[in-house]
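Each chain gets a letter, A, B and so on, in the order its sequence line appears, and its residues count up from 1.
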There are 2 protein chains.
Amino acid sequence: MKLSTRGRYGTRALLDIALHQSERPVLLKEVARRQEISPLYLERLITPLITAGILRSTRGARGGVSLSRPAGEVRLSEILRLLEGSIEPVECVNNPGVCSRSGACVTRDVWGELQKAMDDVLNGITLGDLVERQRVKDQTRHIMYDI
Amino acid sequence: MKLSTRGRYGTRALLDIALHQSERPVLLKEVARRQEISPLYLERLITPLITAGILRSTRGARGGVSLSRPAGEVRLSEILRLLEGSIEPVECVNNPGVCSRSGACVTRDVWGELQKAMDDVLNGITLGDLVERQRVKDQTRHIMYDI
DNA sequence: ACTTTGTTGATTAGATTAGTCGGCAAAGAG
DNA sequence: CTCTTTGCCGACTAATCTAATCAACAAAGT
């Protein structure tokens with residue numbers, strides 16, 4: 001029941017890109033450095049996000065990547081689905097055909113409730129929320145250091 | 001973000017044992033047959049549950065396993081913790097030391113919320129609840145066939 | 001004693017994860 | 001127009017985890 005590095009790194013990378021948006025695209029190399037992720041591995045992770053249209057990329061000098069939608073319109077559930085494949089705890093919940101017991105199985109019902117609880121959390125948080133939280137957090141920590 | 005067969009088979013096996021409780025212990029071989037789990041693999045899965053004291057085992061002829069506590073006192077969260085190791089989506093939530101960013105990281109906060117939502121579901125359901133649900137479900141399905 | 005049933009440690013095939021590497025493709029800079 | 005920058009893509013790999021299997025042993029009834 002663990003998230004892989006794909007989900008963790010990818011989410012952090014997207015947040016980093018959202019935080020550093022400006023007129024110019026953000027360099028993947030810089031994201032990788034700031035987030036301490038291997039640059040080569042980061043390219044890997046970013047690819048499905050570009051294909052899905054969450055990010056837009058520009059090649060060549062002064063290139064990089066940028067969000068193609070407002071951060072407030074990108075849900076965490078969507079990000080994780082792209083990075084991890086799916087967030088279901090078991091396959092039979094969304095695909096009853098994989099197990100002949102599905103109809104009579106109460107453990108399946110429970111995994112369904114578990115998935116719903118997870119979906120509710122992840123649908124309710126957008127990349128924009130993360131950006132805002134990060135700004136608040138950085139400010140609070142800054143004040144703490146001042147005192 | 002998937003449960004492994006350990007969590008899935010193990011939960012089903014425990015439910016099966018709870019449903020078939022009587023004066024005599026339940027045979028693992030029978031559990032394995034009913035749940036279509038390899039008998040050899042099932043022994044594997046059952047071991048930590050015995051060590052943790054959820055199940056009691058009796059060896060020899062007429063032996064088997066039985067619940068050592070009332071089913072209503074066994075929470076799903078406990079079962080999964082024993083079978084899967086833990087249900088945390090990332091390690092840093094419960095163990096901030098593994099990452100130097102923990103203090104400043106808002107994605108970590110989100111994974112914490114995700115974990116809480118999962119814990120709430122799994123703490124709120126006991127093996128006794130599963131037994132009851134299964135009985136209701138079987139009855140409903142039986143009536144449906146009658147009509 | 002004999003049989004049944006659970007216990008344990010070793011072993012294994014296959015899948016998944018977390019990367020790395022090399023070369024290609026586009027696009028701005030000079 | 002060609003050079004450099006930056007992303008794109010397919011192949012490859014080491015390490016780890018999963019899902020079993022097997023053989024030998026350990027109790028406990030019959």
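Qualifying side chain to side chain donor-acceptor pair (under 3.5 Å) partners for B/Glu36, counting only residues two or more places apart in sequence or in other chains: A/Arg101. Applying the side chain to side chain donor-acceptor pair (under 3.5 Å) criterion to B/Ser4, with sequence neighbours excluded, gives B/Glu84. In terms of the side chain to side chain donor-acceptor pair (under 3.5 Å) criterion, residue partners of A/Thr5 (sequence neighbours excluded) are, by chain and number, A/Tyr41.
Side-chain contact check for B/Ile37 versus B/Val31: every heavy-atom pair is 4.5 Å or farther apart. Using a 4.5 Å heavy-atom threshold, the side chains of B/Arg135 and B/Leu19 count as touching. Counting only heavy atoms from C-beta outward, the side chains of B/Leu3 and A/Met1 approach each other to under 4.5 Å.
In plain terms, the two heavy atoms of A/Arg108 and A/Pro96 that are nearest each other are NH2-CG, 3.6 Å. When all heavy atoms are compared, the tightest approach of B/Ala18 to B/Val131 is CB-CG2, 3.6 Å.
In the region residues 85-97 of chain B, proximity to DNA chain C at under 4.0 angstrom, judged on heavy atoms, holds for none of the residues. Contacts of residues 17-36 of chain A with DNA chain C (heavy atom under 4.0 Å): none. A heavy-atom distance below 4.0 Å to DNA chain D is reached by these residues of residues 2-13 of chain B, ordered by number: B/Ser4, B/Thr5, B/Arg6, B/Tyr9.
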In residues 42-52 of chain A, what donor-acceptor pairs under 3.5 Å come from side-chain atoms, sequence neighbours left out?
from: A/Thr47; atom 1: OG1; to: A/Glu43; atom 2: O; distance (Å): 2.9
from: A/Thr51; atom 1: OG1; to: A/Thr47; atom 2: O; distance (Å): 3.0

Show me, pair by pair, the donor-acceptor contacts under 3.5 angstrom made by side chains of residues 56-68 of chain A, not counting sequence neighbours?
from: A/Ser68; atom 1: OG; to: A/Gly53; atom 2: O; distance (Å): 2.5
from: A/Ser68; atom 1: OG; to: A/Ile54; atom 2: O; distance (Å): 3.0

What pairs of nitrogen or oxygen atoms, one from the protein and one from nucleotides 20-23 of chain C, lie under 3.5 Å apart?
from: C/dT20; atom 1: OP2; to: A/Ser38; atom 2: OG; distance (Å): 2.5

Could you list the protein-to-nucleotides 28-30 of chain C atom pairs, N/O on both sides, closer than 3.5 Å?
from: C/dA29; atom 1: OP1; to: A/Arg62; atom 2: NE; distance (Å): 3.4

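The distance from atom CD of A/Glu91 to atom SG of A/Cys99, rounded to the nearest 0.5 Å, is 10.5 Å.
A donor-acceptor pair under 3.5 Å links the side-chain atoms of B/Gln134 to the main chain of A/Ala104, judged by distance alone. Not a single donor-acceptor pair under 3.5 Å links the side chain of A/Asp120 to the backbone N or O of A/Ala117. Judged by distance alone, the side chain of A/Arg133 and the main-chain N or O of B/Asp109 form no donor-acceptor pair under 3.5 Å.
Grouping the Ile, Leu, Val, Met, Phe, Trp and Tyr side chains by contacts below 4.5 angstrom, directly or via other members, places A/Ile17 apart from A/Leu27.
We find that B/Arg24 and B/Glu30 are not joined by a salt bridge, their nearest charged nitrogen and carboxylate oxygen being 4.0 Å or further apart.
Applying the side chain to side chain donor-acceptor pair (under 3.5 Å) definition to pairs two or more places apart or across chains, those involving residues 6-16 of chain B are B/Arg12-B/Gln35, B/Asp16-B/His20, B/Asp16-B/Arg34, B/Asp16-B/Gln35.
The nearest whole Å value for the distance from the CG atom in B/Leu42 to the P atom in C/dT7 is 11 Å.
When DNA chain D is scanned 5' to 3' for any atom under 4.0 Å from a heavy atom of chain B, the first and last hits are D/dT18 to D/dT30.
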